[in-house]
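Here the structure is laid out as structure tokens; the discussion comes afterwards.
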Amino acid sequence: SSGSRVSFPADRAPRASSMRSMRVVVAAVLGRLAVASPPRCDSCGAAGEHLLLQTRTGAGIAALDELAAAQAAAALSRPPSLGQALAGGLHAQSVAMRLFAKKDVDGAMDALGEELVDAIGGFLPPSIKRTAEFADFAKQCGMRLRTLRGDLRENATAFVDTGNADIAVGMLTSGLYELAKVATASLPPGTGGQVAKYLSSLVDALDGAGEAVDLAEEGHQVEGLEALASGMKVAINSLVPRDMQVDATYREVMEATDPEMGDIVKSLVQVMRQAVESNVCWKRTARRNRERPQSCAPGLSVLGDRWCRPRAAGDGIEEAQCREGTEARGGWCYDPCGPGYEPRQNHCIQRCEGHFHIDSRLLCGAKRGAIAIALVEIAAKAGMAVATKEGLDELARDAGIVLAGSMTTSLDAFVDVAKPFGHPQCPDQIIATRA
């Protein structure tokens, strides 16, 4: 993986499309309201906020919004508070991911809304959190996410059955996209714009995690780590000033968010492994009994192996035949295979039937996608020699990914991807009714 690049297939476009849609919403809000870089307000005290809260006129609310937007932007531009904010948002996605893995869409949507509202409240000033607008925002988040449940149930089932990380990323991205729209509609303009920017940054981070797992599954560990780090850098760059877009900032924020990002990656890997291991089994083989041909025409007797003694002196010897019910192969007679097995060369191998009805040369599968993943895994693992966190970190640093050391939990998850799957042998009788 030293210095090699990987071309990304076009079938990942839907995820990129969702991100573009999110950015269009955010850009439109920020462009219309001109709050992309509100003034810093480090000296605004609680007394001033309280006074603004008492001023429920349009001018008072506008002043309160300007103050809140400035404080939110300041919080999201400082590495310690930015790391805390992103960690909160990633934690919300991690909790929802674990519930998606149980096909609990209702629980996932409720948790995503509640956890994200808490994370957003963490970087907004108390003046905004005490307003009716913020209370309405929190209420609308829950209501909007509940409208997605029906559409996501089928996706959650597909995620668990196939282990496809893109499906999980798409479900969470759709939730973030809806909440960005709620923020711009429910909160005062400047504050809503800052919240939308924050949610958009979470989309970038999540997209990097999904791409990372995809690449790691395909055998590209280092490129996967690069995608993960790149997604986090894009997320950070969208919130901090240009002069702070440096390795020191990235390292501090990535260290703060690593436990949550690592949990997301581990959840994706765990579902993928479970999907493959529960839907794929190794075909069993069985020996075929064999014997030399022993059948001669009437009046002839067996002469050694494979030959029959001639009727009269001077007649040529004749080749012996296999007894009825056996198969002649290369000078031997083989017994037929037992139920559920078929001949392959000189042995028997299981047929893929019943629940494990998808056939390949070595494996039987319950789902065609699981077979494909397993076959890629068999080929990829042979080239993935990095089986320890330290070894992967060193390889990543050699490839120029200096931030890999800040992602220790994620490194552990990538090492898990490199471990061979524990495909069981197919059951002795796989011809049972399909599940």
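Everything quoted here is computed from the prediction, not taken from an experiment.
A distance of 8.5 Å separates CG of Asn237 from CZ of Arg242, quoted to the nearest 0.5 Å. With values rounded to the nearest 0.5 angstrom, Asp151 atom CG is found 12.5 Å from Arg149 atom CZ. How far CG of Leu206 is from CG of Leu176: 7.0 Å, rounded to the nearest 0.5 Å. Rounding to the nearest 0.5 Å places OG of Ser174 at 7.5 Å from CD of Glu178. In this structure, the separation between CG on Leu300 and CH2 on Trp307 is 13.0 Å, given to the nearest 0.5 Å. Interatomic distance, Asp263 CG to Gln93 CD, rounded to the nearest 0.5 Å: 12.0 Å.
A pairwise comparison of heavy atoms in Phe159 and Val271 identifies O-CG1, 3.5 Å as the closest pair. In terms of heavy atoms, Val105 sits closest to Ala156 at CG2-CB, 3.6 Å. Residue Ala209 comes nearest to Leu228 through the heavy atom pair CA-CD1, 3.6 Å, listed as atom of the first residue, atom of the second, then distance. When every heavy atom of Ala180 is checked against every heavy atom of Leu199, the shortest pair comes out as N-CD1, 3.5 Å. Residues Gly89 and Leu202 share a closest heavy-atom pair of CA-CD1, 3.8 Å. Between Gly175 and Leu112, the shortest heavy-atom distance links the atoms CA-CD2, 4.4 Å.
The shortest side-chain heavy-atom distance between Pro293 and Glu319 does not fall under the 4.5 Å cut-off. With a 4.5 Å cut-off on side-chain heavy atoms, Cys337 and Arg288 count as touching. The shortest distance between side-chain heavy atoms of Asp110 and Arg146 falls below 4.5 Å. Side-chain contact between Tyr334 and Thr326: absent, with no pair of heavy atoms (C-beta onward) separated by less than 4.5 Å. Contact annotation: the side chain of Thr173 never approaches that of Asp207 to less than 4.5 Å [non-hydrogen atoms, C-beta and beyond]. Using a 4.5 Å cut-off on side-chain heavy atoms (C-beta onward), Met244 and Pro79 make contact. Inter-residue side-chain proximity for Glu115 and His91 is flagged as met; some heavy-atom pair is nearer than 4.5 Å. Residues Val203 and Tyr177 fail the side-chain proximity criterion, which asks for heavy atoms closer than 4.5 Å.
More than 12 heavy atoms of other residues, nucleotides or ligands shown are found within 6.0 angstrom of CD on Gln245. When the shell of 6.0 Å around CD of Gln84 is examined, it contains 12 or fewer heavy atoms from other residues, nucleotides or ligands.
Electrostatic pairing of Asp247 and Lys233 does not count as a salt bridge here, judged by no charged N lying under 4.0 Å from a carboxylate O.
Side chain of Gln350 to main chain of Pro427: a donor-acceptor pair is present (N/O by atom type, distance under 3.5 Å, no hydrogens or angles). Between the side chain of Gln194 and the backbone N or O of Ala72 there is no donor-acceptor pair closer than 3.5 Å. Without hydrogens or angle criteria, Thr257 side chain to Val253 main chain gives a donor-acceptor distance under 3.5 Å. Counting only distance, with no hydrogens or angles, the side chain of Ser186 and the backbone of Phe137 share no donor-acceptor pair below 3.5 Å. In this structure, Tyr341 contributes its side chain and Arg284 its backbone to no donor-acceptor pair below 3.5 Å. Of the possible polar contacts, none joining the Ser230 side chain to the Glu226 backbone as a donor-acceptor pair under 3.5 Å is found.
Tested against Asp335, the residues Arg323, Arg290, Arg287 include a single side chain to side chain donor-acceptor pair (under 3.5 Å) partner, Arg323. Looking at Leu187, Thr191, Val195 one by one, the single match for side-chain contact (heavy atoms from CB on, under 4.5 Å) with Ile120 turns out to be Val195.
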Begin from the C-alpha positions of Cys281 and Cys364 and carry the test disulfide bond (SG atoms under 2.5 Å apart) through to its verdict. CA-CA 5 Å; Cys281 61; Cys364 293; 4.9 Å; no
Take Asp161 and Lys103 through the side chain to side chain contact (heavy atoms under 4.5 Å, CB included) test and state the conclusion after the steps. CA-CA 10 Å; Asp161 288 348; Lys103 301 183 183 179; 3.9 Å; yes
Under the side chain to side chain contact (heavy atoms under 4.5 Å, CB included) rule, what do Val265 and Leu268 come out as? Steps first, then yes or no, please. CA-CA 5 Å; Val265 174; Leu268 291 171; 5.6 Å; no
Chi angles and distances behind the side chain to side chain contact (heavy atoms under 4.5 Å, CB included) call for Leu363, Lys283: CA-CA 5 Å; Leu363 303 168; Lys283 291 182 177 180; 5.9 Å; no
Any chance you could lay out the salt bridge (charged side-chain N to carboxylate O under 4.0 Å, His left out) test for Asp258 and Arg251, step after step, and finish with the verdict? CA-CA 10 Å; Asp258 177 63; Arg251 186 174 291 107; over 6 Å; no
Any chance you could lay out the side chain to side chain contact (heavy atoms under 4.5 Å, CB included) test for Asn155 and Leu152, step after step, and finish with the verdict? CA-CA 5 Å; Asn155 290 342; Leu152 295 183; 3.9 Å; yes
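In the model, Ser301 has a side-chain atom that pairs as donor or acceptor with a side-chain atom of Arg309 under 3.5 Å. For the residue pair Thr157/Arg153, the side-chain donor-acceptor check at 3.5 Å is not satisfied.
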